[in-house]
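Following: one structure in structure tokens, then a few remarks.
Residues take their numbers from the sequence shown, with the count starting at 1.
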Amino acid sequence: VYREILDALIEQHGPQRWWPAEDPFEIMVGAVLVQRTAWRNAALAIRALKEAGVLRPDRLDDLRREALAALIRPAGFFRLKARRLQSMARFVVAAGGLRALSAQPTAGLRAALLTIRGVGPETADAILGYAFERPVFVVDAYARRLSARLAHPAPGPSDADLKAGCERELVSARDLNELHALIVRHGQVYCRAMAACDGCALRPRCGYHPERVPAERQLS
Ligand code: SF4
């Protein structure tokens with residue numbers, strides 16, 4: 001089923017080919033900066049870090065917290081995110097750098113990422129998938145909403161079941177990353193908070209259409 005969803009979404013939106021970044025650390029930084037904001041705001045903050053020449057774990061860790069917060073201001077929650085970025089930079093430095101982290105098996109690396117302050121399952125999986133090219137699926141609000149609507153009126157899958165199902169069926173980091181990117185795109189264009197179902201490629205398999213009148217209401 002997830003393969004069919006992937007194919008339908010590629011057909012609808014074209015390949016997304018995330019993540020726009022020059023190296024894995026930039027992806028890690030982006031994964032924190034994009035928390036609770038739009039990507040364009042995170043991108044502005046990344047550009048400021050690049051222009052200041054501090055988009056490296058050691059440099060980021062050495063920077064004064066206030067200076068870092070000022071640079072990433074466009075991403076919002078800048079004091080909180082500055083703290084999180086420095087925790088992450090320190091984590092990378094302490095682990096012996098990105099190459100040492102890359103050598104870790106996926107489960108161990110995920111557990112290690114989850115020890116970083118401000119890195120929850122969604123951010124950890126985004127880092128695993130896009131920075132380290134591990135075959136993991138990112139369960140975020142868009143994925144939860146879409147899977148719940150597809151399953152409607154049955155309850156949607158739990159986060160764990162959704163993640164396991166996607167990973168079992170799609171297997172490769174490339175397909176899992178693409179599915180996540182496409183679900184985000186679909187959630188911004190069609191499957192929004194107020195669903196815009198006209199033209200949605202998933203409509204034939206979807207149980208949730210706001211305009212669909214329940215049978216009991218049709219009779220009244
Ligand atoms: S048909 Fe509507 S509710 Fe279902 S997936 Fe498409 S946009 Fe979302």
Requested in this report: Go through the structure and list residues passing salt bridge (Lys or Arg N to Asp or Glu O under 4.0 Å) with Arg174, not counting sequence neighbours.
Outcome: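 Residues passing salt bridge (Lys or Arg N to Asp or Glu O under 4.0 Å) with Arg174: none at all.
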Report task. State which residues pass salt bridge (Lys or Arg N to Asp or Glu O under 4.0 Å) with Glu167; sequence neighbours excluded, sorted by chain then number. Result ->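 If we apply the salt bridge (Lys or Arg N to Asp or Glu O under 4.0 Å) test to Glu167, skipping adjacent residues, the hits are Lys163.
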Query - Interatomic spacing from SG in Cys191 to CZ in Arg185 - rounded to 0.5 Å - result: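 Between Cys191 SG and Arg185 CZ, I get 14.0 Å after rounding to 0.5 Å.
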Query raised in the report: Atom CG in Leu9, atom CG in Leu146: separation rounded to 0.5 Å?
Result: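 It is 7.0 Å, given to the nearest 0.5 Å.
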Just jot down the side-chain hydrogen bond (donor to acceptor under 3.5 Å, both in side chains) partners of [X], sequence neighbours excluded, or say none.
{"X": "His180", "answer": "none"}
{"X": "His13", "answer": "His186"}
{"X": "Glu22", "answer": "Lys50"}
{"X": "Asn41", "answer": "Thr37"}

Hydrophobic cluster identity match, [X] and [Y], side-chain contacts under 4.5 Å:
{"X": "Met28", "Y": "Leu60", "answer": "yes"}
{"X": "Leu162", "Y": "Leu202", "answer": "yes"}
{"X": "Val184", "Y": "Val34", "answer": "yes"}
{"X": "Ile10", "Y": "Tyr130", "answer": "yes"}

Requested in this report: Step by step, work out the side-chain contact (heavy atoms from CB on, under 4.5 Å) result for Leu6 and Arg3.
Outcome: CA-CA 5 Å; Leu6 175 64; Arg3 167 69 58 193; 3.7 Å; yes
Looking at side-chain heavy atoms only, is the closest gap between [X] and [Y] below 4.5 Å?
{"X": "Ile127", "Y": "Met88", "value": "yes"}
{"X": "Asp58", "Y": "Asp61", "value": "no"}
{"X": "Leu85", "Y": "Leu33", "value": "yes"}
{"X": "Asp125", "Y": "Phe137", "value": "no"}
{"X": "Leu150", "Y": "Val1", "value": "no"}
{"X": "Val136", "Y": "Leu176", "value": "no"}
{"X": "Glu26", "Y": "Val29", "value": "no"}
{"X": "Arg134", "Y": "Arg110", "value": "no"}

Query - Full working for side-chain contact (heavy atoms from CB on, under 4.5 Å) between Leu80 and Arg83 - result: CA-CA 5 Å; Leu80 176 70; Arg83 196 162 65 228; 3.4 Å; yes
Looking only at heavy atoms, which two atoms of [X] and [Y] are closest? And how far apart?
{"X": "Leu179", "Y": "Cys166", "value": "CD2-SG, 3.9 Å"}
{"X": "Val119", "Y": "Ala124", "value": "CG1-N, 3.7 Å"}
{"X": "Val32", "Y": "Arg84", "value": "CG1-CB, 3.9 Å"}
{"X": "Pro135", "Y": "Ser172", "value": "CB-C, 4.1 Å"}
{"X": "Leu98", "Y": "Pro24", "value": "CD1-CB, 4.2 Å"}
{"X": "Leu101", "Y": "Ala95", "value": "CD2-CB, 3.6 Å"}

Enumerate the residue pairs fulfilling ring-ring contact (aromatic ring centres under 6.0 Å, His included) with a member in [range], sequence neighbours excluded, ordered by first and then second residue.
{"range": "residues 96-125", "result": "none"}
{"range": "residues 81-107", "result": "none"}
{"range": "residues 36-70", "result": "Trp19-Trp39"}

**Report entry** Residue pairs involving residues 139-150 (criterion side chain to side chain donor-acceptor pair (under 3.5 Å); sequence neighbours excluded)
**Finding:**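 Only Arg144-Asp159 qualify under side chain to side chain donor-acceptor pair (under 3.5 Å).
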Query raised in the report: Which residue pairs pass the side chain to side chain donor-acceptor pair (under 3.5 Å) test with at least one member in residues 94-104, sequence neighbours excluded?
Result: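 Passing the test, one end in residues 94-104: no pairs.
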Query raised in the report: Yes or no on side-chain contact (heavy atoms from CB on, under 4.5 Å) for Ile5 and Arg205, after CA distance, side-chain angles and deciding distance?
Result: CA-CA 9 Å; Ile5 291 172; Arg205 61 171 62 249; 4.0 Å; yes
Could you pull out every donor-acceptor pair under 3.5 Å between side chains of residues 64-79 and any protein atom, sequence neighbours left out?
from: Arg64; atom 1: NH1; to: Glu66; atom 2: OE1; distance (Å): 2.6
from: Arg65; atom 1: NE; to: Gln86; atom 2: OE1; distance (Å): 2.6
from: Arg65; atom 1: NH2; to: Gln86; atom 2: OE1; distance (Å): 3.4

Query raised in the report: Below 4.0 angstrom, N of the basic side chain to O of the carboxylate: do Arg203 and Asp198 qualify?
Result: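 Salt bridge flag = yes for Asp198 with Arg203.
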Report task. Check the pair Val92, Phe25 against side-chain contact (heavy atoms from CB on, under 4.5 Å), reporting the backbone distance first and the verdict last. Result -> CA-CA 9 Å; Val92 174; Phe25 188 65; 4.2 Å; yes
